[in-house]
2 protein chains.
Amino acid sequence: MMALLRLADLSAKSGAEGALVTTRELARLMGISQQSASRYLIELEGLGLIHRSRAPEGERIRIAEEGSRRLAELYAILRGFFERPEAELSLEGRIFTGLGEGAYYVSQEGYRRQFVEKLGFDPYPGTLNLRLDPKSRSRRPLLDRIDPIIIEGFANGSRCFGPVKCFRAKVADRIEGAVLVAMRSHYGDDVIELIAPVGLREALGLRDGQTVRVRIPLAPNPQRSSA
Amino acid sequence: MMALLRLADLSAKSGAEGALVTTRELARLMGISQQSASRYLIELEGLGLIHRSRAPEGERIRIAEEGSRRLAELYAILRGFFERPEAELSLEGRIFTGLGEGAYYVSQEGYRRQFVEKLGFDPYPGTLNLRLDPKSRSRRPLLDRIDPIIIEGFANGSRCFGPVKCFRAKVADRIEGAVLVAMRSHYGDDVIELIAPVGLREALGLRDGQTVRVRIPLAPNPQRSSA
DNA sequence: ATTACTAGGAATCGAGTAG
DNA sequence: TCTACTCGATTCCTAGTAA
C-alpha cells in the first residue's frame with residue numbers, strides 16, 4: 001500500500017504514459033532494499049493494482065484501475081479528516097497568556113483606525129492567544145482559502161508596523177470578533193490571536209488552559225489558492 | 001501507517017474530543033487480531049502520532065500533531081495524483097461502438113429542442129462512446145463539482161425519457177461539444193457519451209479503440225457538492 | 001467487558017547472486 | 001546496468017492469558 005502511494009506520487013509527477021522507475025530508485029525513496037522494491041512491484045502487479053512494462057533503463061509503471069480505486073479510498077478518508085464539509089472553518093485551542101504585546105499593537109492608532117474602518121468595531125486593547133489543538137492546526141492552512149481583510153502596515157516615526165491579515169470570526173459561539181494573523185508573527189503556526197469589541201477573557205469568563213472554539217465563515221465563492 | 005489512517009477515519013466521524021475505539025473494533029476494521037491492534041496503538045503513541053486516554057468502554061484516540069503532519073503528507077501525494085492543478089477536467093478514453101441507441105435518444109424532439117436551446121447547437125444524431133482509462137475514471141467524480149446543464153426529461157405518449165446532465169467539453173482539442181450523463185445510464189461509471197454539432201467519428205477520423213481526450217472546463221466558481 | 005504481555009510460529013526482509 | 005531468485009536472518013503476527 002505504501003509502495004502504491006509512492007508510485008502514485010511518481011506517477012503524478014510524470015505524464016499520462018506512466019512513471020519511469022527503477023527498483024533501486026523506488027527502494028531508495030521508500031528506505032527499503034532493492035530486492036523488496038522488486039518484490040513489491042511484482043506483488044502490486046499480481047494484485048492488479050499497477051501495470052508494468054519493461055524499459056531499457058528501468059520500467060514504466062502505470063496505476064491500474066483497481067489501484068486508483070484503492071488510492072481513492074485513502075483519499076476519501078483523508079478528505080474526510082482534513083476537510084469535513086462545512087461552510088465555516090472551525091478552530092479550537094487553549095488560551096494562554098502572551099507577553100502582553102497584543103494590547104500594545106492593537107492600540108496603535110495606525111492599526112486601530114483601520115480596524116474600525118474595515119472590521120466595523122473598535123477593538124478592546126488586547127488580544128486573546130489561542131494555541132490550536134493538533135487537528136485545528138492541520139486545518140489552519142484553510143485560512144489561506146479565505147479572502148483576508150488586510151490591515152496595512154505603517155510607520156510611526158520611531159518604528160515600523162507590518163501588515164496584518166484579519167478574518168471575521170465568532171468566538172465561543174457568542175462574540176463577533178476577528179482572527180489576526182501577523183504577516184511576520186513572533187508566534188508559530190500553532191497560535192492564533194483574537195480581537196473583539198470587548199475583552200474576550202472577561203466577557204467569556206475564560207482562564208488560561210481553557211478550550212475555546214472559533215468559527216470563521218468561509219467566503220461564499222472561495223478562490224483557489226495557487227501554490 | 002495504515003492504522004493511523006484508520007484512526008483518522010474514525011476520528012473524522014467523531015467529534016473533536018477524539019474517537020472512542022476499542023482494540024477489538026479497530027482489529028475488526030483492519031482485518032487483524034485484537035493483539036495487533038493493541039500493539040499498533042502502543043506504537044503510534046510511542047511515535048507521538050496519537051494521544052490516548054482510557055475510557056471504561058475502550059479508549060479515546062486523538063490524532064497528535066505529528067500524526068496530522070504525516071497524514072497531510074499522504075494527503076498531499078493523493079491530491080497531486082487525483083487533482084493535478086488545472087482549470088479543466090481532462091478525461092481520456094478509448095472509443096467503442098455502442099448499441100446505436102445514442103442516435104435514437106439524441107434525435108428525440110424533446111431532447112433536441114433543449115440541446116439547441118441550452119447548449120446552442122443542434123446535435124449530430126448519434127453519440128460517441130468513450131471508455132475511460134483508469135486514471136480518468138478515478139477523476140470522473142470531479143464532474144459532480146461542475147454545474148451541470150440539465151436537460152429535462154419528458155414523456156412522449158408511448159414512453160418516458162429521463163433527465164440528462166450535460167457538460168460543455170472540447171473533444172480532441174478541436175471540436176466543441178458536450179459530455180452527456182444520463183441520470184439512469186445503461187453504461188457503467190467508466191463510460192461517457194459525447195455529442196457535438198457534427199459527427200465526431202467522421203470529423204476527427206476516429207476508429208474504435210483509438211484514444212480521445214475530452215477537456216471539460218471547470219466552472220469559475222465551483223460550488224461545493226454536499227454529499 | 002477492557003488492554004496488553006509472552007512465546008513461538010508465520011511472514012517478510014535483504015545479502016548474495018543469476019540471468 | 002537492469003530485475004528478481006534463493007535462503008538464512010529478522011521482524012511481525014496472533015493464540016493463550018494475565019491484569
Side-chain angles (χ1 to χ4, degrees), chain A residues 1-11 13-15 17-64 66-67 70-71 73-74 77 134, chain B residues 1-15 17-64 66-67 70-71 73-74 77:
Chain A
M1 202 67 236
M2 296 317 284
L4 185 61
L5 259 162
R6 239 37 195 256
L7 291 171
D9 194 17
L10 294 170
S11 191
K13 288 166 184 163
S14 319
E17 71 288 345
L20 192 57
V21 183
T22 70
T23 53
R24 182 173 299 279
E25 178 67 2
L26 179 60
R28 195 185 60 75
L29 286 171
M30 297 187 63
I32 58 175
S33 68
Q34 174 269 322
Q35 290 86 342
S36 288
S38 172
R39 213 187 32 255
Y40 284 156
L41 291 180
I42 294 170
E43 285 171 9
L44 288 174
E45 186 179 32
L47 289 168
L49 302 184
I50 63 172
H51 295 129
R52 313 202 294 164
S53 55
R54 278 302 301 276
E57 66 280 28
E59 33 194 313
R60 210 161 269 289
I61 307 284
R62 284 181 307 113
I63 307 290
E66 177 64 15
R70 299 279 183 93
L71 289 170
E73 285 176 20
L74 298 191
I77 289 176
Chain B
M1 199 68 237
M2 297 315 287
L4 184 60
L5 259 163
R6 237 38 193 256
L7 291 172
D9 194 17
L10 294 171
S11 189
K13 288 167 184 161
S14 317
E17 70 291 341
L20 192 58
V21 183
T22 69
T23 53
R24 182 173 300 279
E25 178 66 3
L26 179 59
R28 194 186 60 74
L29 286 172
M30 298 188 62
I32 58 175
S33 68
Q34 173 268 321
Q35 290 87 342
S36 288
S38 171
R39 191 161 37 78
Y40 285 156
L41 292 180
I42 294 170
E43 285 171 8
L44 288 173
E45 186 179 31
L47 289 168
L49 303 184
I50 62 172
H51 295 129
R52 314 201 294 164
S53 56
R54 280 300 304 275
E57 65 280 29
E59 35 193 313
R60 211 160 269 287
I61 307 283
R62 283 181 309 114
I63 308 289
E66 176 63 16
R70 299 279 183 92
L71 289 170
E73 284 175 23
L74 298 191
I77 291 176

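Each chain gets a letter, A, B and so on, in the order its sequence line appears, and its residues count up from 1.
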Between [X] ([atom1]) and [N] ([atom2]), how many Å, whole number?
X	N	atom1	atom2	value
Glu57(A)	dT3(D)	CD	P	10 Å
Arg24(B)	dA1(C)	CZ	C1'	9 Å
Glu45(A)	dT3(D)	CD	C1'	12 Å
Arg52(A)	dA4(D)	CZ	C1'	9 Å

Subject >> Reference residue Gln34(A); test side chain to side chain contact (heavy atoms under 4.5 Å, CB included); the match among Thr23(A), Thr22(A), Leu26(A) >> reply: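 The residue from Thr23(A), Thr22(A), Leu26(A) that satisfies side chain to side chain contact (heavy atoms under 4.5 Å, CB included) with Gln34(A) turns out to be Thr23(A).
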Original post:
Who pairs with Arg70(B) by salt bridge (Lys or Arg N to Asp or Glu O under 4.0 Å), at least two apart in sequence or on another chain?
Top reply: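 Arg70(B) satisfies salt bridge (Lys or Arg N to Asp or Glu O under 4.0 Å) with Glu66(B) once adjacent residues are dropped.
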Original post:
In the 5'-to-3' direction, what one-character label does each nucleotide of nucleotides 5-19 of chain C receive under the scheme B = base within less than 4.0 Å of a protein heavy atom, S = sugar-phosphate only, - = no such atom?
Top reply: B-------BBBB---
Subject >> N or O in side chain of Arg54(A) less than 4.0 angstrom from dT1(D) OP1/OP2 >> reply: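 For dT1(D), neither OP1 nor OP2 has a side-chain N or O of Arg54(A) closer than 4.0 Å.
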Subject >> Minimum heavy-atom distance between Ile63(B) and Gly67(B), given as atom pair plus value >> reply: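 Where Ile63(B) meets Gly67(B) most closely, the heavy atoms are CG2-C, 3.8 Å.
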[atom1]-[atom2] distance between [X] and [Y], expressed to the nearest 0.5 angstrom:
X	Y	atom1	atom2	answer
Arg24(B)	Gln35(B)	CZ	CD	8.5 Å
Glu73(A)	Met1(A)	CD	CE	8.0 Å
Arg52(B)	Arg60(B)	CZ	CZ	14.0 Å

